[in-house]
Amino acid sequence: MGSSEFTWKLPDHPRLPKGRTVAVVVLDGWGEAEPDPYNCIHVADTPALDSLRKGAPDKWRLIKAHGTAVGLPTDDDMGNSEVGHNALGAGRIYAQGAKLVDLALASGKIYEGEGFKYIKECFENGTLHLIGLLSDGGVHSRLDQLQLLVKGAAEHGAKRIRVHILTDGRDVLDGSSVGFVETLENDLAKLREKGVDAHIASGGGRMYVTMDRYENDWNVVKRGWDAQVLGEAPYKFRSAVEAVKKLRAEPNANDQYLPPFVIVDENGKAVGPIVDGDAVVTFNFRADRMVMLAKALEYENFDKFDRVRFPKVHYAGMLQYDGELKLPSHYLVSPPEIERTSGEYLVHNGIRTFACSETVKFGHVTFFWNGNRSGYFNPELEEYVEIPSDTGIPFNVRPKMKAVEIAEKARDAILSRKFDQVRVNLPNGDMVGHTGDMEATIIGCKAADEAVKIILDAVEQVGGIYVVTADHGNAEDMVKRDKSGQPLVDKSGNIQILTSHTLRPVPIAIGGPGLAPGVRFRRDLAEAGLANVAATVINLHGFEAPSDYEPTLIEVV
Ligand SMILES: O=C(O)[C@H](O)COP(=O)(O)O
Ligand SMILES: [Mn+2]
Ligand SMILES: [Mn+2]
């Protein structure tokens with residue numbers, strides 16, 4: 001689009017009126033699957049969602065939420081919140097972080113960029129530290145990318161490398177951490193044979209160490225800082241394989257919540273604290289769970305916890321994680337340039353927007369929705385409300401989470417008539433689904449359904465419109481399956497619980513008294529996905545969508 005003819009002004013929709021309150025509800029981790037005992041959404045009592053389903057095919061359908069439909073490298077990649085909300089909000093499919101990093105590594109361009117050059121300045125006298133999630137989940141990071149980066153960094157002059165690992169068990173099966181650590185150890189051993197001093201230096205489970213998000217609990221980042229930077233942790237081991245195996249053997253231990261540990265030498269000294277003159281790369285491509293560490297590594301003025309030492313390092317992210325804060329200022333791969341999102345268009349066209357979730361998903365309906373951009377486009381027209389999440393517990397302990405509180409805030413916003421769009425994320429299917437606790441997930445799904453009902457009732461009262469959808473699957477399938485779809489069992493005969501997202505499509509439903517007569521889902525978009533939702537919502541506000549957006553899902557007959 002040439003900049004001369006560019007305008008934020010959206011044309012009026014020829015058939016659809018303005019002035020209706022539109023509630024946009026994103027059920028996190030809520031996919032569509034066959035009825036089955038491992039389908040927690042099916043097992044749960046969900047009368048509100050069940051009644052929406054009856055609107056098929058005109059008012060209820062399925063849309064794609066994984067793989068290339070949301071900009072991931074392949075159709076074997078499950079959906080996730082970042083790419084899902086990016087697509088929902090931006091209305092177009094962008095090559096996402098995972099893919100951009102793949103391309104930069106494959107072409108070698110990663111080593112020619114400003115970010116790597118900056119890192120490389122420390123190779124002569126300092127250590128290269130790599131911090132991130134160690135798995136092949138492909139949601140926040142990928143093991144094969146780390147392997148290539150370690151090898152490539154050594155080829156480009158890194159003489160001393162320390163990897164600070166975070167074990168997964170959330171985007172991949174619990175227990176898989178051991179294999180990933182062994183793979184990395186093998187690679188590092190090969191590098192040592194070539195004279196590179198390369199070791200794993202510290203570790204911990206992703207949900208307990210480092211990878212908090214949206215400032216829910218800074219203690220998580222502090223535990224990581226102490227191990228990675230200060231070389232201090234409650235557990236010390238001579239090798240990471242031993243660390244992970246021993247810590248996993250503790251009662252109730254799992255990969256997601258392993259305590260922090262450091263690797264020590266024969267004298268008990270940590271092998272890899274981060275010190276002045278070192279280089280640090282956080283190798284996750286996904287933003288939300290790296291932003292807090294990025295702040296701790298980059299900000300001179302920082303009061304979230306006592307860093308004890310603030311080493312003068314050259315720090316780069318795999319990507320830039322926050323486009324508005326420009327954080328971090330150095331990065332190895334440029335992030336997707338997600339611009340002209342639906343949120344930005346709508347405020348330019350006078351749409352007053354309210355967005356709400358609880359802390360653990362707050363950035364999903366704001367930051368991710370707006371193309372990985374924090375803050376408001378126009379504070380006069382927007383209000384974002386965050387309900388504090390529970391901290392210090394896994395979410396199966398309180399599976400109802402803050403669903404009802406979120407819905408009540410949305411209800412009040414709708415009834416106030418001060419907003420044209422009221423947007424929420426209901427986290428239960430996802431956050432409880434990730435714990436692998438099916439009983440709790442069923443309770444969580446019921447709570448999310450109750451929240452939907454509260455919002456639909458408010459829409460009814462103001463003559464509004466609702467759009468109810470989801471960002472990717474999770475709670476609809478809680479078991480790992482073989483090719484024929486049968487649940488897999490492990491060596492001890494136990495069902496293998498699936499804590500991760502899925503490849504499933506998600507539902508979308510439209511309705512409400514404000515929906516103009518004759519509006520229905522088109523029949524010609526069988527392959528539609530999350531990116532088609534933005535144009536749909538823009539239409540429901542009474543505007544035509546920008547011409548380069550993915551087509552709207554609706555027609556007026
Ligand atoms: O970060 C997480 O919790 C998981 O890796 C992915 O879940 P999300 O994409 O739903 O946030
Ligand atoms: Mn999600
Ligand atoms: Mn999730």
Side-chain angles (χ1 to χ4, degrees), residues 25-31 40-41 65-67 70-72 77-89 96-98 132-142 166-174 176-177 205-214 216-217 220 254-257 284-293 321 357-369 372 389 394-396 401 403 424-437 441 444-445 448 469-478 498-506 530 533:
V25 178
V26 180
L27 291 149
D28 212 296
W30 195 284
C40 289
I41 297 171
H66 80 287
V70 287
L72 291 167
D77 291 304
M78 60 199 171
N80 70 70
S81 290
E82 179 178 52
V83 300
H85 286 77
N86 282 171
L88 286 166
Q96 286 285 350
L133 183 66
L134 188 73
S135 82
D136 63 4
V139 173
H140 294 268
S141 67
R142 276 212 335 262
L166 301 162
T167 53
D168 191 345
R170 186 174 178 89
D171 301 324
V172 291
L173 289 185
D174 183 45
S176 57
S177 61
R206 56 176 284 175
M207 296 303 284
Y208 191 65
V209 177
T210 299
M211 281 175 61
D212 188 44
R213 67 178 163 208
Y214 309 140
N216 194 42
D217 185 358
V220 176
N254 61 49
D255 289 349
Q256 294 192 56
Y257 284 90
N284 287 15
F285 43 74
R286 174 160 151 175
D288 56 346
R289 295 190 185 275
M290 277 293 120
V291 163
M292 293 165 76
L293 175 58
Y321 300 126
S357 190
E358 61 170 282
T359 311
V360 291
K361 296 288 181 186
F362 175 66
H364 289 35
V365 272
T366 54
F367 173 76
F368 285 154
W369 192 274
N372 294 2
S389 286
F395 286 97
N396 55 336
M401 301 184 67
V424 298
N425 175 298
L426 297 171
N428 312 64
D430 185 67
M431 294 301 288
V432 192
H434 278 305
T435 67
D437 179 337
T441 307
C445 291
T469 189
D471 61 340
H472 53 75
N474 185 336
E476 81 287 356
D477 196 7
M478 300 288 289
L498 192 72
T499 54
S500 72
H501 299 170
T502 69
L503 303 170
R504 306 274 173 167
V506 298
L530 295 179
V533 175

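All of these numbers come straight from a predicted model, not from anything done at the bench. Remember, it's 1-based here, ligands and their atoms both numbered in the order they're listed.
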Q: Please verify the inter-ring angle class for Y257 with Y208; under 30° counts as parallel, over 60° as perpendicular, anything in between as tilted.
A: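 Rings of Y257 and Y208: tilted, 30 to 60°.
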
Q: Answer yes or no for D28: is there an N/O/S atom below the 2.8 Å cut-off from the Mn ion (ligand 3)?
A: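 No, since none of the N, O or S atoms of D28 sits under 2.8 Å from the Mn ion (ligand 3).
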
Q: Relative to ligand 1, is H472 under 4.0 angstrom through side chain, backbone, both or neither, heavy atoms considered?
A: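 It is the side chain that touches ligand 1; the backbone stays farther off.
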
Q: On a heavy-atom basis, which atom in N216 and which in V360 lie closest, and how many Å separate them?
A: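 For N216 and V360, the tightest heavy-atom pair comes out as ND2-CG1, 3.8 Å.
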
Q: In a check of side chain to side chain donor-acceptor pair (under 3.5 Å) between S135 and each of T167, D255, D168, which one passes?
A: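 When T167, D255, D168 are each tested with S135, the side chain to side chain donor-acceptor pair (under 3.5 Å) holds only for D168.
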
Q: Salt bridge check, D171 against R206: does any charged N sit closer than 4.0 Å to a carboxylate O?
A: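 Counted as a salt bridge, because a side-chain N and a carboxylate O are separated by less than 4.0 Å.
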
Q: Verify whether the ring centers belonging to F395 and H434 lie closer than 6.0 Å.
A: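 When the ring centroids of F395 and H434 are compared, they turn out to be at least 6.0 Å apart.
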
Q: Is H85 close enough that one of its N/O/S atoms sits under 2.8 Å from the Mn ion (ligand 2)?
A: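 No.
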
Q: Any idea which N/O/S atom from H434 gets closest to the Mn ion (ligand 3)?
A: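 Result for H434 and the Mn ion (ligand 3): NE2.
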
Q: Find all atoms of ligand 1 within a distance of less than 4.0 Å from any non-hydrogen atom belonging to K361, and give their numbers and elements.
A: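 So the answer, numbered in order with elements, is 8 (P), 10 (O), 11 (O).
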
Q: With a 4.5 Å heavy-atom cut-off, do E358 and P427 have their side chains touching?
A: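 In contact.
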
Q: Got an N/O contact under 3.5 Å between D471 and ligand 1?
A: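 No - when backbone and side-chain N and O of D471 are compared with those of ligand 1, no distance drops under 3.5 Å.
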
Q: Got an N/O contact under 3.5 Å between R289 and ligand 1?
A: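 R289 vs ligand 1: N/O contact under 3.5 Å present.
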
Q: Under 4.0 Å from a heavy atom of H140: which atoms of ligand 1 are those, numbered in the order shown and with their elements?
A: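 Near H140, meaning under 4.0 Å from one of its heavy atoms, ligand 1 has 1 (O), 2 (C), 4 (C), 5 (O).
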
Q: Taking all atoms of both residues into account, what is the closest heavy-atom pair of E476 and T502, and its distance?
A: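 So the minimum-distance heavy-atom pair works out to OE2-OG1, 2.6 Å.
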
Q: Looking only at protein heavy atoms, which one is nearest to atom 10 (O) of ligand 1, and how far off is it?
A: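 Nearest neighbour among protein heavy atoms for atom 10 (O) of ligand 1, to 0.1 Å: S81 OG, 2.5 Å.
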
Q: Measure from the side-chain N and O atoms of T441 to the backbone N and O of A475, and report whether any donor-acceptor pair falls under 3.5 Å.
A: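 No; zero donor-acceptor contacts below 3.5 Å.
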
Q: Is the distance between the Mn ion (ligand 2) and the nearest N/O/S atom of N425 smaller than 2.8 Å?
A: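 No, outside the cut-off.
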
Q: Below the 3.5 angstrom mark, is there an N/O of E82, backbone or side chain, next to an N/O of ligand 1?
A: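 The answer is no, given that E82 and ligand 1 share no N or O pair closer than 3.5 Å.
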
Q: Please confirm whether the backbone N or O of T499 pairs with a side-chain atom of R170, one donor and one acceptor, at under 3.5 Å?
A: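 No; judged by distance alone, with no hydrogens or angles, the pair does not exist.
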
Q: With a cut-off of 4.0 Å, which atoms of ligand 1 are near a heavy atom of D28?
A: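 Going through ligand 1 atom by atom, the ones under 4.0 Å from D28 are 10 (O).
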
Q: I'd like to know whether ligand 1 has M207 as a neighbour, heavy-atom separation below 4.0 Å.
A: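 Outside the 4.0 Å threshold, so no.
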
Q: Show the atoms of ligand 1 that are less than 4.0 angstrom away from any heavy atom in R206.
A: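 Those atoms are 1 (O), 2 (C), 3 (O), 4 (C), 5 (O).
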
Q: Is the distance from the Mn ion (ligand 3) to some N, O or S atom of H501 under 2.8 Å?
A: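 H501 does place an N, O or S atom closer than 2.8 Å to the Mn ion (ligand 3).
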
Q: Just wondering, do N372 and N86 contact through their side chains at under 4.5 Å, heavy atoms?
A: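 In short, these two side chains touch, coming nearer than 4.5 Å.
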
Q: What is the ring orientation for Y214 with F367, classed by angle as parallel under 30°, tilted 30 to 60°, or perpendicular over 60°?
A: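 Perpendicular: the ring planes of Y214 and F367 meet at over 60°.
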
Q: Would you say N80 has any N or O atom under 3.5 Å from an N or O of ligand 1, going by distance alone?
A: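 For ligand 1, there is no N or O atom that lies under 3.5 Å from one belonging to N80.
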
Q: For ligand 1, which atoms sit closer than 4.0 Å to a heavy atom of R170?
A: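 Ligand 1 atoms under the 4.0 Å threshold to R170: 2 (C), 3 (O), 4 (C).
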
Q: Near D171, which atoms of ligand 1 are under 4.0 Å from a heavy atom of that residue?
A: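 So the answer, numbered in order with elements, is 4 (C), 5 (O), 6 (C).
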
Q: Using the side chain to side chain donor-acceptor pair (under 3.5 Å) rule, pick out the option among D28, D430, D471, T366 that qualifies with N425.
A: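 Going through the options one by one, the only one that passes is D28.
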
Q: Looking at H501, which atoms of ligand 1 are within less than 4.0 Å of one of its heavy atoms?
A: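 Counting atoms of ligand 1 from 1, those under 4.0 Å from H501 are 6 (C), 7 (O), 8 (P), 9 (O), 10 (O).
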
